[in-house]
Amino acid sequence: MDTKHKDAAMSRWLAAALLGAALGVGGCASTPANPDDPLEGYNRAVFRFNDRVDRAVLKPAAKTYDEFTPLPVRAGIGNFFGNLEDIWTGVNNLMQGKGADGLSDFARVVINSTLGILGVFDIATEMGLEKHDEDLGQTLGAWGVGEGPYFVLPIFGPSTVRDAAAKPVDLVVNGGWIQGTMAQEASVAGVKLVHTRANLLAADRVLDEGALDRYTYVREAFLQRRRYEVFDGRPPRRDDDYYSALTPGLVAEASTVEALSLATGAGRVAGASVTPAGQ
Amino acid sequence: MNMSMLRAVVATIVMGLSSLAWAGPGPEDLTKQLTEEVLSAVAADAEIKAGDTEKAIQLVEARVLPHFNFEHMTALAVGRDWRAASPEQRMALTEQFRTLLVRTYSNALTQYTNQSIHFKPFRGRPDDEDALVRTEIRQPGAQAIQMDFNLERVGADWKVYDVVVAGVSLVTNYRASFAQQVRQSGIDGLIESLKAKNAEKVAAQS
């Protein structure tokens, strides 16, 4: 990409950010904001900008990569970057006090960098050393730093204020293992970006098919996933008291509907008295 | 004891006995059976692999739907507005949400290639009412994806009421956009927008 394009992209981003800030201020007055997303106006503008960049550049590149890269090559590329990231993952596990996981991550790096030929083959997983996924944002989360408002970054996409603050460190450390000329480092970063995007191609269709509102769908998915990661797959259970087996309906056996409706009638009266009127 | 109570008691006893007589598979076995059946059916079906969404939908409707509790799923997705919905609105919401989910994920099935599913050790007790079955989708060259199934006991059977992929619930992920829609145009507005979304997809696919 030449500098002219970069400048154009930069000024467009600035425009989007300014527009977003304006929308954000305006937005607060009219619609009640989602508590996770006070910056919705700005976020939506950057989301649209990212979407355009994706459609114009990233997605076509990812599709080409997906089409022309044979699976073993692609697996090798994924493993290579994954191996470099395991170092920082291990450090973060140690910082979170998960010593065994951290040591296992370092063992993975040693095994995969040698037997796995510079990380191209993930021998460690075959040997039963599970791959983890940690970063500084998760470590801050484990230390009790709140995630802050949802925050969409240009190009990098969904984040939160906490994770956006931690991200530059992740990028510097994970990218730091590759040393070369500027152009070499940039092309490595480019391959990684396209590889990552290609892994998300299948999710695109779900987003196209399933989302009533793409922006909200992506935001919710990102926040849920992030909380899942921070809690290592065991986030606090969400509230689920809107439905009970006593609700009459499709699942109840015909013979029990009558008995159940007795109970639900009572339940509904009780429900009505405790549910605040302001929905 | 009046007639309806008597009938309820009899029904309960009959259901209790029948669940002893033909108790369905437990949550883990059910999930295994379900995933293996569907994945092998997809692997064997050239048309689905070639992207035939309608065929994938037929497969899902025949093999998967009977084991899901869509009413519970819809309640979870709608959240607190579910309480305010009338029985008719609940039925309509459930029907539209089921259509949306079935179309969306049947389509995803057509992209199934060479992943394999692995079950993690199951920690449930026989008398539990709610169960969590944890699995992992492995694929070459990419990190394994966690896929968890939430099941509940419904009579003699177990039914899935949530699927969580890589930490994202396919159900509660809708809660914010549903709530937003209800705030803007009420529960009927949400039903209408789901109908519109489903109609748009049918048009796009045919």
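Residue numbers start from 1 in every chain, and the chains themselves are labelled A, B, ... in the order their sequence lines are given, proteins ahead of strands. Quick note: numbers below take in every heavy atom, side chains included, and nothing from hydrogens, waters or symmetry partners.
- The greatest number of non-hydrogen atom pairs below 4.5 Å with chain B, out of A:Leu223, A:Asp213, A:Leu212, is found for A:Leu212.
- Looking at A:Arg225, the atoms closer than 4.5 Å to chain B (heavy atoms on both sides) sit in the backbone and in the side chain alike.
- Interface check for chain B: of the options A:Asp122, A:Asp133, A:Thr125, the most heavy-atom pairs under 4.5 Å are formed by A:Asp133.
- Proximity to chain B (any heavy atom under 4.5 Å) is restricted, for A:Ala211, to the backbone atoms N, CA, C and O.
- If you measure heavy-atom distances from A:Arg227 to chain B, you find no contacts under 4.5 Å at all.
- Note on A:Tyr228, A:Tyr215, A:Phe231: by heavy-atom pairs under 4.5 Å with chain B, the leading option is A:Tyr228.
- To the nearest 0.5 angstrom, B:Lys197 atom NZ is 7.0 Å from A:Glu209 atom CD.
- The shortest non-hydrogen separation linking A:Asn34 to B:Ala176 is ND2-CB, 4.1 Å.
- For A:Asp36, no part sits under 4.5 Å from any heavy atom of chain B, backbone or side chain.
- Remark: A:Lys98 NZ is packed, more than 12 non-hydrogen atoms of other residues, nucleotides or ligands lying under 6.0 Å away.
- Using a 4.5 Å cut-off between heavy atoms, B:Gln180 contacts chain A through its side chain alone, with no backbone atom that close.
- Heavy atoms of B:Leu190 lying under 4.5 Å from chain A belong exclusively to its side chain.
- A:Tyr217 places no side-chain N or O within 3.5 Å of a backbone atom of B:Ser177 that could act as its donor or acceptor partner.
- Each of B:Thr172, B:Asn173, B:Val168 was compared with A:Glu220 under the side-chain contact (heavy atoms from CB on, under 4.5 Å) criterion, and only B:Asn173 meets it.
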